Structures are given as C-alpha cells and as structure tokens.
Peer 1: 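Let me begin by handing over the structure; questions about it come next.
A note on names: the letters A, B, ... follow the listed sequences, proteins ahead of strands, and every chain is numbered from 1. Since this is a predicted model, take the numbers as computed values, not measurements.
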There are 2 protein chains.
Amino acid sequence: MNAPLPRDPIADAQRNWERHGWGDVAAPMAAITAIMRTQQILLARIEGALKPFGLTFARYELLALLSFARSGALPMNKASALLQVHPTSVTNAVDRLEKAGLVVRSPHPTDGRTTLIELTAEGRTLAKSATAVLNTEVFSQSGFADRDVNQLIRILGDFRRGAGDFSE
Amino acid sequence: MNAPLPRDPIADAQRNWERHGWGDVAAPMAAITAIMRTQQILLARIEGALKPFGLTFARYELLALLSFARSGALPMNKASALLQVHPTSVTNAVDRLEKAGLVVRSPHPTDGRTTLIELTAEGRTLAKSATAVLNTEVFSQSGFADRDVNQLIRILGDFRRGAGDFSE
DNA sequence: TCCAAACCCTTGGATGTCCTAGTATATTGC
DNA sequence: GCAATATACTAGGACATCCAAGGGTTTGGA
C-alpha cells in the first residue's frame, strides 16, 4: 500500500521506551507491538485471498472447522470454544453464512438449548476451494523462514498454554 | 474467561491440514493462526489495563506517539503512517480523543490540507499514567521468556521488513 | 416435585478497521 | 497562469469483536 518507512517504527518505539526509563520492559513491548502489526498484515492478505469467495476470515474459519467435523455439523457453543471467539461472534458469522446458503441451523436432537450448525453441499465445496487458494496464495508464501515457523509455533504455543487456552 | 480446552485447537488444525494432503503448508498455517490468537489475547489484556483510563489501545497508541514527538504534535497523515493504520482510523481516534479533551486539532501553519494533532496537558498526563500501568501490568508480565522475546523481535522484524513495512 | 441456578443463543450497543467517495488545498506541467 | 494531478482529511457503509441483557431450556438440590 504505502511506501516503506525509512525506519522500523517499532524499533523506534523500543528506543523511546528505553530513553524514558522503561528499559526493562522495552523488549516485551516491542515484541507485543510487532505481533499486533504482523497480525494486521497477515489478516489483510487472508481477507484479500478470500474476497473472491465472498468470505471473510471469520466466516472461513467457521466453514473450515465444520468441514473437519465428522458429521459436518457442530453445536454453536462448541464452535465458539474451538475458534476461541465470543458466542455472539459465532451468531454473527452463522447469520451471514446461512444467508449465503453455506450453512444451516438445525435444532439439537436432545438439548433444546443448543443449535447445530451444518454445512450445506455448497458450503463444503466453497470451503474446499477457499482452502486451496489460501494454501497456495498465503500459507505457502508466508514470508517466514522454515526454522522461524517452527520457532513461532513453539513460542506462541507456550504463550497460549500459559494464557490458559489449553491444558494439554 | 473459559476453562482451558483439553487440547490445543491450533495443533489439531495443523494435524487436520496434514491429514488432508496439505502437509507442506500445515506449519505456516499453524504459525499464522497462532499469531492471530496471540494477538487477540494480548489485545484483551491491554484493553483491560487501559479501561480505567477510558482509553482503548488505538487511542492509547496515538497518545503515546504524540507524547514522544518533540513538540507533542504531529500531522494526522504522519500519525497514520507511523501507526500503520488507515487514515480514517486516525480520524476516528482523534474525534474521540478530542471529545475527551486529550488532544486538539490545529491547522498546519503552511499546508492548508494538513491538520496537526496536539496533546493537551491532560492528554500528556494521562498518557504517562496509562503507560506506567501498561508497563507494570502487561509488558512486564508478558508471559514470554526473555530469550523468546528477542526471537520474536527478530523473526517478526524480518517478516515486517519483507512485507514492505520499512526499508532500514 | 419444583424452583433456583446454570447454560445456550440472540438482540442491541459501543469500538475499531478498512474501503469508496467527496471536498479542499498544493503541486506540476504546458 | 491555469488546468490536471496529487495529497490530506472526513463522511458513510460494511464487518468483526466484545459486553450486557433478555428469553427459553436443563439440571440439581431442597
């Protein structure tokens, strides 16, 4: 989009932190800010790749999750837990996916409180195509060295475990 | 919020990718998904720490940026470039900060197109307090090991440079 | 048995991000 | 000098996320 900046703004921020007497937390501040910016860049790439399918990342994630479920269906609360987003975000995504004919809501057979989300044939097909494009256009050219990918998986895995995401 | 999941959902996704014949991109997919989730966790912590100040992270970042500017003022387009967000996002943040009396818009002395954002005394004080809290409550207990922090800075720095953020 | 507590999903509201367009001001080039 | 192009900011709209609250369904203990 924009021309590259002459200097790394996050490295500058780190120097500012040090200069103002917060040297002991300047590095974690910089790491966290870098994660924020990296997420923003990656999300933009992903959304760009999904746009031709009329999907956003949030909706794609839900489709992909369903496509890996044995029956192609999951309770909404389970989807919320696995995607680690607020239940209302799932409601929102399902509303739009349903309107697009990619999923259907159906009542849970034994628990009246629960709603199942089910992939339609069209939804399953679209998920497959979108995954192929994401894989070839985004994930296969992530811009991370192979060694670094494994480092990231390990470091962020430790972090997420520490944050209480999973106990494994 | 929620109880920890029994297993890491991202590791599961990685296995699903491999099982479906996308083994060559399963690792980058997992790393990218982990970045997304980590960002979400960190953002929630930061927003929580800033809430008592009536600030969001977006608004805090702008205040912090201004507080490091020599004159305590910056053109909006410069802020947009340094924070690496869309100009309309800066407009939005400035609207709210101005309404809260933390910054003021003023015309650029020589360029009629440009608007300067300037910290008020109150804004400068609040930025200082908020920074202190963020440092002690979030950055100093990031949950990353020191070694990992440096790894992250290096890996994500390489990535951002490769993505065209800066040329340095 | 029966009511309170727990759980599930949805609605409505606040924010943030981006995109597209529109208005105003500068710069460029002929 | 003036028209065409580039820049800067803002208005309006689409989406996503979270929180708070409300209504229906289950569960569990008195």
Side-chain angles (χ1 to χ4, degrees), chain A residues 1-3 36-37 39-48 50-51 53-63 74-100 103-117, chain B residues 1-3 36-37 39-48 50-51 53-63 74-100 103-117:
Chain A
M1 287 264 138
N2 289 318
M36 302 293 192
R37 173 56 184 157
Q39 186 266 353
Q40 184 184 28
I41 293 169
L42 290 169
L43 183 58
R45 287 186 192 171
I46 292 173
E47 298 276 6
L50 292 176
K51 191 154 205 166
F53 298 96
L55 290 175
T56 62
F57 188 43
R59 294 178 222 166
Y60 166 77
E61 279 193 295
L62 187 48
L63 282 189
L74 279 178
M76 297 194 58
N77 66 330
K78 193 128 194 188
S80 169
L82 292 173
L83 297 176
Q84 302 181 279
V85 295
H86 199 279
T88 53
S89 297
V90 176
T91 295
N92 183 325
V94 172
D95 283 350
R96 298 171 194 280
L97 288 171
E98 193 168 33
K99 204 164 293 178
V103 306
V104 195
R105 280 180 168 90
S106 63
H108 188 287
T110 66
D111 189 332
R113 296 168 298 183
T114 299
T115 299
L116 294 176
I117 327 166
Chain B
M1 278 269 132
N2 289 317
M36 301 293 190
R37 173 58 184 157
Q39 187 266 353
Q40 185 184 28
I41 293 169
L42 290 169
L43 183 59
R45 287 187 192 169
I46 292 172
E47 299 277 5
L50 292 176
K51 191 154 206 167
F53 298 95
L55 290 176
T56 62
F57 188 44
R59 294 178 220 166
Y60 166 76
E61 279 193 295
L62 187 48
L63 282 190
L74 279 178
M76 296 194 59
N77 65 329
K78 193 127 193 191
S80 169
L82 292 174
L83 298 176
Q84 302 182 278
V85 295
H86 199 278
T88 55
S89 296
V90 176
T91 295
N92 184 326
V94 171
D95 283 351
R96 299 172 193 277
L97 288 171
E98 193 167 34
K99 204 164 295 179
V103 306
V104 195
R105 279 181 168 91
S106 63
H108 189 286
T110 66
D111 189 331
R113 297 168 300 181
T114 299
T115 300
L116 293 176
I117 326 167

Peer 1: Does any non-hydrogen side-chain atom of B:Ile117 lie less than 4.5 Å from one of B:Leu97?
Peer 2: no

Peer 1: Got a sec? Which of residues 74-82 of chain A come in under 4.0 Å of DNA chain D, heavy atoms?
Peer 2: none

Peer 1: What I'd like to find out is whether the side chain of B:Arg59 reaches to under 4.5 Å of the side chain of B:Leu63, using heavy atoms alone.
Peer 2: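 Counting from C-beta outward, B:Arg59 and B:Leu63 never come under 4.5 Å.
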
Peer 1: Could you tell me the separation between the CD1 atom of B:Ile117 and the C1' atom of D:dC9, rounded to a whole number of Å?
Peer 2: 11 Å

Peer 1: Between D:dA8 and B:His108, is there an OP1 or OP2 to side-chain N/O distance shorter than 4.0 Å?
Peer 2: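 The answer is no; no side-chain N or O of B:His108 sits under 4.0 Å from OP1 or OP2.
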
Peer 1: Is B:Arg59 close enough to C:dG16 that one of its side-chain N or O atoms is under 4.0 Å from OP1 or OP2 there?
Peer 2: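 Yes, because at least one side-chain N or O of B:Arg59 sits under 4.0 Å from OP1 or OP2 of C:dG16.
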
Peer 1: Side chains of A:Thr114 and A:Met76: closer than 4.5 Å at any heavy-atom pair?
Peer 2: no

Peer 1: Looking at A:Ser89, does any N or O in its side chain come under 4.0 Å of the phosphate oxygens OP1/OP2 on D:dC18?
Peer 2: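 Checking A:Ser89 against D:dC18: at least one side-chain N or O falls below 4.0 Å of OP1 or OP2.
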
Peer 1: Using atom CD1 of A:Ile41 as one end and atom C1' of C:dC18 as the other, report the distance to the nearest whole Å.
Peer 2: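 Distance check: A:Ile41 CD1 to C:dC18 C1' gives 15 Å.
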
Peer 1: Please tell me if B:Arg96 has a side-chain N or O lying less than 4.0 Å from either OP1 or OP2 of C:dG16.
Peer 2: yes

Peer 1: Take the protein atom CD of A:Gln39 and the nucleotide atom P of C:dG16, then report the distance between them rounded to whole Å.
Peer 2: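 Distance, rounded to whole Å: 16 Å.
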
Peer 1: Got a list of side-chain donor-acceptor pairs under 3.5 Å for residues 77-87 of chain A, not counting sequence neighbours?
Peer 2:
from    : atom 1 : to       : atom 2 : distance (Å)
A:Ser80 : OG     : A:Val85  : O      : 2.8
A:Gln84 : NE2    : A:Asp165 : OD1    : 3.3
A:Gln84 : NE2    : A:Asp165 : OD2    : 3.0
A:His86 : ND1    : A:Thr88  : N      : 3.2
A:His86 : ND1    : A:Thr88  : OG1    : 2.9

Peer 1: According to a strict under-4.0 Å criterion, is A:Thr88 in side-chain N/O contact with OP1 or OP2 of D:dC18?
Peer 2: no

Peer 1: What is the distance, to the nearest angstrom, from the NE2 atom on A:His86 to the P atom on D:dA21?
Peer 2: 12 Å

Peer 1: Of A:Asp95 and A:Asp111, whose nearest nucleotide on DNA chain C comes first from the 5' end?
Peer 2: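 Nearest-nucleotide comparison on DNA chain C picks A:Asp111.
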
Peer 1: Expressed as a whole number of angstroms, how long is the span from A:Phe57:CZ to C:dT17:C1'?
Peer 2: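 So the two atoms are 16 Å apart, to the nearest Å.
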
Peer 1: Taking only side-chain nitrogens and oxygens of B:Gln40, does any of them come within less than 4.0 Å of OP1 or OP2 of D:dC18?
Peer 2: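 The answer is yes; a side-chain N or O of B:Gln40 sits under 4.0 Å from OP1 or OP2.
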
Peer 1: Report yes if at least one side-chain N or O of A:Arg105 is closer than 4.0 Å to OP1 or OP2 of C:dT10; otherwise report no.
Peer 2: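 Yes, such a contact exists.
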
Peer 1: Starting from the 5' end of DNA chain C, give me the residue, B:Ala93 or B:Arg113, whose nearest nucleotide shows up first.
Peer 2: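 With B:Ala93 and B:Arg113 compared, the 5'-side residue is B:Ala93.
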
Peer 1: Find the distance between CD (A:Glu98) and OG1 (A:Thr91) and round it off to the nearest 0.5 Å.
Peer 2: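 One finds 11.0 Å between CD of A:Glu98 and OG1 of A:Thr91.
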
Peer 1: Check the distance between D:dC19's P and B:Lys51's NZ and give it to me in whole angstrom.
Peer 2: 7 Å

Peer 1: Could you go through B:Val94 and B:Val103, starting from their C-alpha distance and side-chain angles, then the distance that decides it, and tell me whether this counts as side chain to side chain contact (heavy atoms under 4.5 Å, CB included)?
Peer 2: CA-CA 7 Å; B:Val94 171; B:Val103 306; 4.3 Å; yes

Peer 1: Checking salt bridge (Lys or Arg N to Asp or Glu O under 4.0 Å) for the pair B:Arg105/B:Asp95: CA distance, chi angles, key distance, verdict?
Peer 2: CA-CA 9 Å; B:Arg105 279 181 168 91; B:Asp95 283 351; 2.9 Å; yes

Peer 1: Taking side chain as C-beta onward, heavy atoms only, is A:Arg37 less than 4.5 Å from A:Leu42?
Peer 2: no

Peer 1: Specify the residue among A:Pro87 and A:Gly112 whose closest nucleotide of DNA chain D lies further upstream toward the 5′ end.
Peer 2: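 The residue whose closest nucleotide sits nearer the 5' end is A:Pro87.
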
Peer 1: For A:Thr91 and C:dC9, is the shortest distance between a side-chain N/O and OP1 or OP2 below 4.0 Å?
Peer 2: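 No.
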
Peer 1: To the nearest Å, give me how far apart CD1 (A:Ile46) and P (D:dC15) are.
Peer 2: 19 Å

Peer 1: What is the distance from CG of A:Leu62 to P of D:dT17, rounded to the nearest Å?
Peer 2: 10 Å

